[in-house]
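Below you'll find the structure, written out as structure tokens, and then a few comments.
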Amino acid sequence: MVASKTPIAVARGQRRIGEDLATWRRLRRLTAAQIADRAGISRHTVMRLENGEGVSMENVLRVARALGVLDLLVAALDPYATEEGRLRS
């Protein structure tokens, strides 16, 4: 399988999510090392995520959980919370 270049919209989404998680971390006055310890991942992985670089979905969710925002992230993707989702169900 040939790796393809990351689409611009996906790269923008990675960067935005990383920035938002970094903001949550700073608002909670936590270091990247503290989040890494709580999430069970390396500090390097936290920094890659915050810089918008590719990390696994599991690591994104681990960091969100460590920051106490996992439920917000999951709820944001609930299709039944949208008008379209409710109409089409």
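Only heavy atoms go into these numbers, but all of them, side chains included; no hydrogens, no water, no symmetry mates.
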(Q) Quick check against the 3.5 Å criterion: does Thr23 have a side-chain atom that pairs as donor or acceptor with the backbone of Glu19? (A) yes

**Q.** Shortest non-hydrogen contact from Tyr80 toward Gly85
**A.** CD2-O, 3.7 Å

Q: Look at the side-chain heavy atoms of Ile, Leu, Val, Met, Phe, Trp and Tyr, link any pair under 4.5 Å apart, and say whether Ile41 and Met47 land in one connected group.
A: no

Q: Show your reasoning for whether side chain to side chain contact (heavy atoms under 4.5 Å, CB included) applies to Leu72 and Trp24.
A: CA-CA 12 Å; Leu72 291 172; Trp24 275 109; 4.1 Å; yes

Q | Leu87 CG: over 12 foreign heavy atoms closer than 6.0 Å | A | yes

Q. Checking side chain to side chain contact (heavy atoms under 4.5 Å, CB included) for the pair Asn59/Leu49: CA distance, chi angles, key distance, verdict?
A. CA-CA 8 Å; Asn59 287 336; Leu49 170 59; over 6 Å; no

Q | Arg25 with Glu50: basic N within carboxylate O range, under 4.0 Å | A | yes

Q) More than 12 foreign heavy atoms under 6.0 Å from CZ of Arg86: is that the case here? A) yes

Q. Which value, rounded to the nearest 0.5 Å, describes the distance between Glu84 atom CD and Arg88 atom CZ?
A. 4.5 Å

Q) Any side-chain heavy-atom pair from Val74 and Asp78 closer than 4.5 angstrom? A) no

Q. Under 4.5 Å between side-chain heavy atoms, hopping through other hydrophobics if needed: is there a path connecting Val10 to Met57?
A. no

Q) Hey, does the side chain of Arg65 reach the backbone of Leu70 with a donor-acceptor pair shorter than 3.5 angstrom? A) no

Q: Take Val69 and Val63 through the test side chain to side chain contact (heavy atoms under 4.5 Å, CB included) and record every step on the way to the result.
A: CA-CA 9 Å; Val69 297; Val63 169; over 6 Å; no

Q. Which of these passes side-chain contact (heavy atoms from CB on, under 4.5 Å) with Arg48: Gln14, Glu53, Arg43?
A. Glu53

Q. At what distance, to the nearest 0.5 angstrom, does CG of Asp20 lie from CG of Leu27?
A. 10.5 Å

Q) Would you say the side-chain atoms of Arg28 pair up with the backbone N or O of Leu67, donor to acceptor, closer than 3.5 Å? A) yes

(Q) Looking at Arg15 and Asn51, would you say the former's side chain and the latter's main chain have a donor-acceptor pair under 3.5 Å? (A) no

